[in-house]
Amino acid sequence: MKLNQLYSVVMHPKAPYAFDYSVENPTHYPAPIGDWEPGKMWFTLRWQGQKIGVRFENKGTVDKPAVEVSIYGKKPVEFKELLSEIAYRYEWNNSDAEFYNKFGNDSILKPLIEKYRGMHGFCGEELYDFIMITIFLQNTTAKRTAQMTRVMLEKYGTLLEFDGKKLYCFWSPEELVDVPEQDLRDLKVGYRAKSFLRVSKDFVDGHIDEVELRKLNTDDLRTDLLKIYGIGPASVMYALGGPFKRAVIDVIPPWEAKIYSKLLFNRDGASAEESMKELDRRYGKYKPSAIHFLFMDLAWKHRAERMKDMEKLLPFN
DNA sequence: CATCAGGGCCCTG
DNA sequence: CAGGGCCCTGAT
């Protein structure tokens, strides 16, 4: 589906804002739903029933941020509301000022804060898409996750063409809900087929309403998210930090425990409990921010240098 | 060739 | 609250 450029405007995220570190995350598994190069980002979303292409171009600096946002689609949309949603998803109004203040001189974090200053959290996906992704991620390797995602997008997603890019837009819950479970299983997604369908039905029936969920306090939100079929503690933690911008670290999944062991103790075999204790001791309530910097540093370094001792531990590139 | 864990979660006892 | 089962793949 070929899209036309509908709007273009320059926006100003809250400073400091480091564009590349705030739109690209090397720990995310490769999926043909977005594309990045230094200073530019392309991605897709659904808005008011339309499939939309979005392009960011960095036009500013860390201390004088400016991002040109271009919207591609078939027909006009409520542009202002869309911009405000994008600002929410990319956390343009957030800032880690308190964290910078508190840990700017910390022996470990100081160099990271210097290098990544202005890195905002972000999650370009809406809740439904994000849940689909966490289901793809469960109990498998990153490679098969990428494979399953690609096959599902080819069959049920929509290929959008805009600004010279071809990127898939996720299917809507309505587009998937009536697909027979066996059709999904034929795509080798295994038992995940059942979760995809039950989640889709909950969205179609209005039992899951992202806008309403955003209004809840974090504890109630966690409780409600845990009720979603196929979504457990690990997925909930990721969702709290992603679509809901409530970064928490309340569980350490096994694959992360291996990385934390290296990161915190520079050795293998530290348990999740040990690492959690150490995180609390060092960073207290700032541990999500600290982990954000530690993890992103590892990810960007690994992408650049392919660190040998991390090759087995890091499922990302 | 068989076995098994991998960016969990559901269900049962 | 612990433990078995789940789809499929590639590593061993």
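In what follows, chains are A, B, ... by sequence order, proteins preceding strands, each numbered from 1.
In this structure, A/Ile231 reaches the sugar-phosphate backbone alone: every heavy-atom distance under 4.0 Å involves primed, P, OP1 or OP2 atoms, never a base. No engagement by A/Leu184 is indicated, since no non-hydrogen atom pair under 4.0 Å with the nucleic acid exists. Counting any heavy atom pair closer than 4.0 Å across all strands shown, A/Ala234 reaches sugar-phosphate atoms only and no base atom. Across all strands, A/Lys194 comes closer than 4.0 Å to no nucleic acid atom at all (heavy-atom distances).
Between A/Glu256 and A/Tyr229, the one whose closest nucleotide on DNA chain B sits nearer the 5' end is A/Glu256. Comparing A/Arg185 and A/Lys143 against DNA chain C, the residue whose closest nucleotide sits nearer the 5' end is A/Arg185.
C/dG5 and B/dG7: their P atoms are spaced 22 Å apart (whole Å). Rounded to a whole angstrom, the distance from the P atom of C/dC7 to that of B/dT12 is 14 Å.
The backbone N or O of A/Leu137 lies less than 3.5 Å from no partner atom in the side chain of A/Arg144, so there is not a single donor-acceptor pair. Within the 3.5 Å criterion, the main-chain N or O of A/Gly73 finds no donor-acceptor partner in the side chain of A/Lys51. Looking only at distances, a side-chain donor or acceptor of A/Asp20 sits under 3.5 Å from a matching main-chain atom of A/Gly39. Not a single donor-acceptor pair under 3.5 Å links the side chain of A/Lys166 to the backbone N or O of A/Leu160. Side chain of A/Tyr100 to main chain of A/Gly118: a donor-acceptor pair is present (N/O by atom type, distance under 3.5 Å, no hydrogens or angles).
Around NZ of A/Lys102, the count of heavy atoms belonging to other residues, nucleotides or ligands within 6.0 Å does not exceed 12.
For the pair A/Lys258 and B/dG6, the criterion of a side-chain N or O lying under 4.0 Å from OP1 or OP2 is met. In this structure, A/Ser235 reaches the B/dC9 phosphate: one of its side-chain N or O atoms is under 4.0 Å from OP1 or OP2.
The distance between atom CD of A/Gln138 and atom P of C/dG5, rounded to the nearest whole Å, is 20 Å.
Donor-acceptor pairing under 3.5 Å, judged by distance alone, is present between the side chain of A/Tyr191 and the base of B/dG8. No N or O donor and acceptor, one from the side chain of A/Arg192 and one from the base of C/dC8, sit under 3.5 Å apart.
Consecutive Watson-Crick or G-U pairing (both distances under 3.5 Å) extending over three or more pairs maps onto DNA chain B as B:2-6 with C:8-12, B:8-13 with C:1-6.
Every residue meeting the side chain to side chain contact (heavy atoms under 4.5 Å, CB included) condition with A/Arg198, not counting sequence neighbours, appears here in chain and number order: A/Lys194, A/Tyr229.
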